[in-house]
2 protein chains.
Amino acid sequence: MAYRQGLDAETVLQAAIEMADVQGVEQLTLAALAAKLNVKTPSLYNHIKGLPDLRKQLSRRGLMLIKEAMVEAAIGKAEDEALLAAGFAYVIFARKQPGLYEAISSLPDYEDPELKEAGSQVVLFLLRILAPYGLSEEDALHVVRGFRSMVHGFASLEHRNGFRMELERDESLHRMLKTYLRGLRTAAE
Amino acid sequence: MAYRQGLDAETVLQAAIEMADVQGVEQLTLAALAAKLNVKTPSLYNHIKGLPDLRKQLSRRGLMLIKEAMVEAAIGKAEDEALLAAGFAYVIFARKQPGLYEAISSLPDYEDPELKEAGSQVVLFLLRILAPYGLSEEDALHVVRGFRSMVHGFASLEHRNGFRMELERDESLHRMLKTYLRGLRTAAE
DNA sequence: TATAATAACTAATATTATTAGTTTTGTAAA
DNA sequence: TTTACAAAACTAATAATATTAGTTATTATA
């Protein structure tokens, strides 16, 4: 009704995050978002470039927050303990903010420079945790890929109800990471 | 133009798979699919229930095929060698049929009975490969979750260009699986 | 050969994103 | 204090989509 709703880009993004977390990122439409903000759909275009742009913003914010969650969880910890904590933080983030996590894991392409940057931060964080292991740069990068694959795969399958057996899920995650880390300590061949 | 195009459900599904593999599952619209089949959009409804149903069919077919690819790859192999082969088959399938793989990994929910069934087949296959390891049922199920998380996570990240460093990707996959399997051989504690 | 089932069609509707152009409001300069 | 401008909302219109209803032509079958 009233002109000047006091909307800005951040408010729109926050509302979009809420909608995505509650209803899933597929159900996040500009029509529904505008209704939630008591505004007509075209008004959103004063704050976003369009739906694809909004989705990209969700992905970027998600990457930033999930990295922050890992950093936070690893404070005061080192080596295996730090990696374990980071891995759990990743999965717990995906549980708490399923829509945001969906946005991370369904982004069409990492080619976008802003997403690239956000993704790099995750990789750099993991490399720093791995530093005390004394791996070569190449070895460390392979480990980073392994770690990311594990936690992303776990969170993704869990998100889609891919684990249906009656079996503690945290225990599965813990074992996977511990098993991998044990393998890392053991000399190859 | 001509009535009776000779369309049936399987033909429609095949065309949908092709479109998804080439253009991505997001771009798979009934409008485009109908055009490809030289038919008007509503005609598709004689063979499918709607777009969500078609997506579900893609997911189911994808799960069946990826399981078959793993079975095929593991023929004549056992234990670590079989798991390694199955893991690579999984990732290679995702590379060859990106749209179908996307359909597997973006299915909204495994709750659907048909998808449940197809997913169970994958789990049962992995359990059979794991049999010679002499694990308890519970232990084996945790390992299955770990294995699925690893290969799905790897394929998913690779699909979205998540691996951007100059680093051989097959080598990363090989190391991840080997490291995990080595950890599995090593006693816990 | 007649009839029933099926597969295509046209027409219509509802939803969506997006663009263009307009009106109102808040802010800053005169 | 008034005026001018930028910004944020609006209305109206368009194009694309999926879907449903109802119709017509074709095939198969009784």
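Just so it is clear: chains get the letters A, B, ... in the order the sequence lines come, proteins before strands, and each one is counted from 1.
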Novice: In this structure, how many angstroms lie between the P atom of C:dT16 and the CG atom of B:L51, rounded?
Specialist: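 My rounded result for the distance is 15 Å.
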Novice: So, A:D80 and A:R185, do they make that salt bridge, N to O below 4.0 Å?
Specialist: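 So A:D80 pairs with A:R185 through a salt bridge.
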Novice: Measure CD1/A:I48 against P/D:dA8 and give the value in whole Å, please.
Specialist: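 Computing the A:I48:CD1 to D:dA8:P distance gives 13 Å.
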Novice: For the side chain of B:A31, counting heavy atoms from C-beta on, which of C:dA17, C:dT10, D:dT17 is nearest?
Specialist: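 When the side chain of B:A31 is considered, D:dT17 is the closest of C:dA17, C:dT10, D:dT17.
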Novice: Of the candidate nucleotides D:dA9, C:dT10, D:dT20, which contains the atom at the shortest distance from the side chain of B:Y45?
Specialist: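 Taking heavy atoms from C-beta onward, the closest nucleotide is D:dT20.
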Novice: Which donor-acceptor pairs under 3.5 Å do side chains of residues 22-31 of chain B form with protein atoms, sequence neighbours excluded?
Specialist:
unit_1, atom_1, unit_2, atom_2, d
B:T29, OG1, B:A32, N, 3.0

Novice: Measuring to OP1 and OP2 of D:dA7, would you say a side-chain N or O of A:H47 lies under 4.0 angstrom away?
Specialist: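 So the side chain of A:H47 is outside the cut-off, no N or O lying under 4.0 Å from OP1 or OP2 of D:dA7.
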Novice: Rounded to the nearest Å, what distance is computed from the CD atom of residue B:E26 to the P atom of nucleotide D:dA18?
Specialist: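 So the CD-P distance, B:E26 to D:dA18, works out to 12 Å.
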Novice: Just to be sure I understand the rule, does A:S43 reach a base, reach only the sugar-phosphate, or reach nothing, if contact means heavy atoms closer than 4.0 Å?
Specialist: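 Since a base atom lies under 4.0 Å of A:S43, the category is base.
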Novice: Counting only side-chain heavy atoms from C-beta out, which of D:dT19, C:dT10, C:dA17 sits nearest to B:P52?
Specialist: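 That would be D:dT19.
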Novice: Indicate yes or no for a side-chain donor-acceptor contact from B:S172 to the backbone of A:H142 under 3.5 Å, with no hydrogens or angles considered.
Specialist: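 It does not hold such a pair.
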Novice: Rounded to the nearest angstrom, tell me the gap between atom NZ in A:K40 and atom P in D:dT11.
Specialist: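 Taking NZ of A:K40 and P of D:dT11, I get 6 Å after rounding.
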Novice: Could you tell me whether the side chains of A:Q14 and A:E18 share a donor-acceptor contact shorter than 3.5 Å?
Specialist: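 Distance-only check fails for A:Q14 and A:E18.
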Novice: Starting the side chain at C-beta, find the nucleotide from D:dT19, C:dT10, D:dT17 nearest to B:L30.
Specialist: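 Comparing D:dT19, C:dT10, D:dT17 against the side chain of B:L30, the answer is D:dT19.
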Novice: State whether the distance check finds a donor on one side and an acceptor on the other, under 3.5 Å, for side chain B:N46 versus base C:dA8.
Specialist: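 Answer is yes: a donor-acceptor pair is held.
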Novice: Go through D:dT17, C:dT19, C:dA11 for me and flag the one nearest to the B:P42 side chain.
Specialist: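 For B:P42, the side-chain atoms sit closest to C:dA11.
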